[in-house]
2 protein chains.
Amino acid sequence: MTSAEKTEKTLRADARRNREKIFAAARELFARDAEGVQMEEIASHAGVGVGTIYRHFPTKQALLTEMVRTRFSRFTEIALEAERIDDPREAVETLIRQSCVEVEGDAGFQLAMMSPDELEWEGIEQEKAAFAEPATRIIDRAVESGAVRSDFSFADFPMLMCGITSTMYFAPAGSDWQRHLDLILAGLRPG
Amino acid sequence: MTSAEKTEKTLRADARRNREKIFAAARELFARDAEGVQMEEIASHAGVGVGTIYRHFPTKQALLTEMVRTRFSRFTEIALEAERIDDPREAVETLIRQSCVEVEGDAGFQLAMMSPDELEWEGIEQEKAAFAEPATRIIDRAVESGAVRSDFSFADFPMLMCGITSTMYFAPAGSDWQRHLDLILAGLRPG
DNA sequence: ACCTGAACACCGTTCAAGT
DNA sequence: ACCTGAACACCGTTCAAGT
């Protein structure tokens, strides 16, 4: 057994439990108010010392990244479901709209989505790739069938999400982001 | 002479010069890299002590706000120019597109635009109102003439700018934000 | 092995001392 | 009046001591 395997697989029961508790506490606090959360706060909310957090996650950003990774796998599920929709146009709309709904109310994810530090995304390449596959198929199918404008591609997806996400963050209470989404969906029509 | 008038009007020559130097230094540094700038850095770049900055601006955010205020008056000029365009559709497009061009390359403004702290905008209500007047006229005219979708209004403007702005900030080198803009302009077409 | 929390580092802000 | 910069506060991160 290599050291890497050991690090990945074996975790003492209490350590695993702590990791879980930290994760749960962080998820809850980040979702509420992503900016104001302090490490000490997360630690006490999880019932551990700060040092324990750093044993499991090298940095505050890394902790945030981990939560983003989890939610990203939901995106993939959404894409796979949307792909089963026959109408190409409706499939794209569902993909985008459901992705938005998924992150509504998760301020931490929204913040990460808008974050200027691209570096932090490095840990999520794999999840991103897994999502890109079905999402690309959906978008390409819509383009080929003429259901959306021909210059639309998967490359635009992060950009759109970033815009809508910032609207969510900026105006969390209202439904402004749905107007924004409507506008963008309208913009997809073939021109 | 009231104390308020005195505060507004009379400033010793050196104080005024310092204020100017701080402003120039902050503008330059914020535009380059809005996140990494430190107060000490701005101070030394301006050739003053940190305390002097705080004499002129109560807080780092307030300094940023002041730069946003300045640029906002440019928005108003853009809107007044755009209003002189006969074609209603072209007037709207010019309004939005020129506003985007104006803030390209100003990372500080982009950051402020995306900032979750709405409070900081309190100082700019007046400039915002001055801009809102011609901008509203342009948009309403376009709606009435059927040049854009009927549910579009000035209320959507900040939201759109926020989205495009975050694209600029996120991908400063490329021209991704222009794709984003194109998509949004396309979304304005009457549906 | 893993946990704890006092100590450290960094940076925004203040304020006593200077002119 | 205004300026300076050392000192303070706050919070992310580390690490010596404990189990």
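What you see is a predicted model; the values in this text were computed from it and never measured. Chain A is the first sequence line, chain B the second, and so forth, proteins listed ahead of strands; every chain is numbered from 1.
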Can you give me the closest heavy-atom contact between A147(A) and P88(A), atom names plus distance? CB-CB, 4.2 Å
Compare the minimum distances between each of dT4(C), dT4(D), dC2(C) and the side chain of L11(A), then state the nucleotide with the smallest one. dC2(C)
Look at H56(A) and dC3(C) and indicate whether a side-chain polar atom (N or O) is within less than 4.0 Å of OP1 or OP2. yes
Do F131(B) and F157(B) have ring centroids that are under 6.0 Å from one another? yes
Before we go on, tell me: are the rings of F109(B) and F75(B) under 6.0 Å apart, centre to centre? yes
Counting only N and O atoms by type, is there a donor-acceptor contact under 3.5 Å from the side chain of T52(B) to the main-chain atoms of V48(B)? no
Measure from CD1 on I22(A) to C1' on dT4(C) and round the result to the nearest Å. 12 Å
Is there a side-chain polar atom (N or O) of N18(A) under 4.0 Å from OP1 or OP2 of dC2(C)? no
Pair pattern of DNA chain C in dot-bracket, where unpaired bases get dots and | marks partners in another strand, Watson-Crick or G-U under 3.5 angstrom: ||.|||||...|||||.||
For E28(A), enumerate each residue passing the side chain to side chain contact (heavy atoms under 4.5 Å, CB included) test, keeping only those at least two apart in sequence or located in another chain. R32(A), H45(A)
Across the strands shown, which category fits R12(B) at heavy-atom distances under 4.0 angstrom: base, sugar-phosphate, nothing? sugar-phosphate
Once you round it to whole Å, what is the distance between C1' of dC3(C) and CD1 of I53(A)? 12 Å
Kindly indicate, with the supporting measurements, whether the criterion side-chain contact (heavy atoms from CB on, under 4.5 Å) is fulfilled by E133(B) and T76(B). CA-CA 9 Å; E133(B) 285 185 30; T76(B) 306; over 6 Å; no
Determine yes or no for a side-chain-to-main-chain donor-acceptor pair under 3.5 angstrom, with R97(A) supplying the side chain and L181(A) the backbone. no
What string of B, S and - do you get for nucleotides 12-19 of chain D, 5' to 3', if B is base contact, S is sugar-phosphate-only contact and - is no contact with any protein heavy atom under 4.0 Å? SBBB----
Taking every non-hydrogen atom, the tightest pair across M159(A) and T167(B): CG-OG1, 3.5 Å
